[in-house]
Amino acid sequence: NVTENHLGRQVGGTVDFSVPVVRGQLDLYGEVGRDTFRRDVRTVGAYFPGLFESHDLDLFVEWSDVGDFNQPYSSQLLVRAYYALNKEMYGFLAAESRAGADDLFGLGIVFHLPTLK
């Protein structure tokens with residue numbers, strides 16, 4: 001990925017990867033590089049496709065190093081889960097743990113919106 005914006009003085013670039021570690025059960029993914037402000041981008045995550053196949057549950061667990069982004073914490077661990085309630089609605093659960101900060105939790109409903117033509 002190559003990025004540019006009018007606020008950053010440099011061109012940024014990252015590389016994404018996705019690797020099936022256990023076929024149909026565990027995928028690892030991530031992104032590494034630098035953004036347009038020369039900050040390091042480092043993210044590693046896990047996705048569990050077997051849960052989706054067996055229970056309609058999308059589960060993502062992701063760690064990011066955000067030390068270069070002027071945050072009061074240096075890293076964060078995110079958990080995101082989507083559960084299919086029907087063909088148009090998903091339940092959503094989010095949890096976030098930040099080094100040196102309060103944990104955050106969220107719960108909601110995600111709706112499919114019709115495509116505009």
Side-chain angles (χ1 to χ4, degrees):
N1 306 305
V2 177
T3 58
E4 179 183 29
N5 69 50
H6 68 281
L7 298 174
R9 294 179 290 220
Q10 311 237 352
V11 173
T14 61
V15 174
D16 298 331
F17 65 90
S18 177
V19 179
V21 176
V22 179
R23 184 178 293 253
Q25 298 300 317
L26 174 63
D27 294 348
L28 295 181
Y29 63 89
E31 180 180 24
V32 295
R34 289 188 176 242
D35 71 3
T36 58
F37 297 98
R38 308 310 295 161
R39 298 177 298 196
D40 290 332
V41 174
R42 292 181 293 269
T43 301
V44 176
Y47 173 68
F48 303 89
L51 289 175
F52 179 75
E53 293 297 324
S54 63
H55 300 293
D56 288 332
L57 176 69
D58 272 324
L59 178 63
F60 301 86
V61 178
E62 187 173 291
W63 173 85
S64 296
D65 179 355
V66 294
D68 293 342
F69 286 78
N70 296 321
Q71 296 294 327
Y73 50 92
S74 60
S75 65
Q76 60 187 9
L77 179 65
L78 308 168
V79 176
R80 301 281 188 264
Y82 298 86
Y83 180 72
L85 300 172
N86 60 41
K87 290 183 179 184
E88 302 298 324
M89 247 186 332
Y90 292 85
F92 174 70
L93 172 70
E96 183 175 321
S97 180
R98 302 171 179 180
D102 292 338
D103 293 339
L104 302 172
F105 299 94
L107 185 63
I109 301 288
V110 177
F111 295 95
H112 272 131
L113 298 176
T115 303
L116 300 174
K117 294 182 182 184

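Quantities reported herein were computed from a predicted structural model and do not represent experimental measurements. The figures that follow rest on heavy atoms only: side chains count, while hydrogens, waters and symmetry mates do not.
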Legend entry - Nearest-0.5 Å distance, CZ of residue Arg34 to OG1 of residue Thr14: 13.0 Å
Tell me which donor-acceptor pairs under 3.5 Å the side chains of residues 43-51 have, and how far apart each pair is, sequence neighbours excluded?
| from | atom 1 | to | atom 2 | distance (Å) |
| --- | --- | --- | --- | --- |
| Thr43 | OG1 | Ser64 | OG | 3.2 |
| Tyr47 | OH | Asp58 | OD1 | 2.5 |

Legend entry - Val2: hydrophobic cluster co-members (side-chain, 4.5 Å): Val11
Inset, instruction - Identify, with sequence neighbours excluded, every residue that meets side chain to side chain contact (heavy atoms under 4.5 Å, CB included) alongside Asp103. - result: Ser97, Phe105
Inset, instruction - Kindly compute the distance separating CD (Gln10) from CD (Glu4), expressed to the nearest 0.5 Å. - result: 11.0 Å
Inset, instruction - List, by chain and number, the other hydrophobic cluster members for Leu107, where Ile, Leu, Val, Met, Phe, Trp and Tyr join if side-chain heavy atoms come within less than 4.5 Å, directly or indirectly. - result: Leu93
Inset, instruction - Spell out, yes or no, whether Phe92 and Leu59 are grouped together once hydrophobic residues are joined by side-chain heavy atoms under 4.5 Å, including indirect joins. - result: no
Inset, instruction - May I ask whether Phe52 and Val61 are part of the same hydrophobic cluster, defined by side-chain heavy atoms of I, L, V, M, F, W, Y residues being less than 4.5 angstrom apart, directly or through others? - result: no
Show me the donor-acceptor pairs, under 3.5 Å and distance only, between side chains in residues 78-91 and residues at least two apart or in other chains.
| from | atom 1 | to | atom 2 | distance (Å) |
| --- | --- | --- | --- | --- |
| Asn86 | OD1 | Glu88 | N | 2.7 |
| Asn86 | OD1 | Met89 | N | 2.8 |

Show me the side-chain donor-acceptor pairs of residues 15-25 shorter than 3.5 Å, one per line, residues at least two apart or across chains.
| from | atom 1 | to | atom 2 | distance (Å) |
| --- | --- | --- | --- | --- |
| Asp16 | OD1 | Asn1 | ND2 | 3.3 |
| Asp16 | OD2 | Asn1 | ND2 | 2.9 |

Legend entry - Rounded distance (nearest 0.5 Å) linking atom CG of Asp65 with atom CZ of Arg42: 4.0 Å
Legend entry - Leu57-Val110 co-clustered via ILVMFWY side chain contacts under 4.5 Å: no
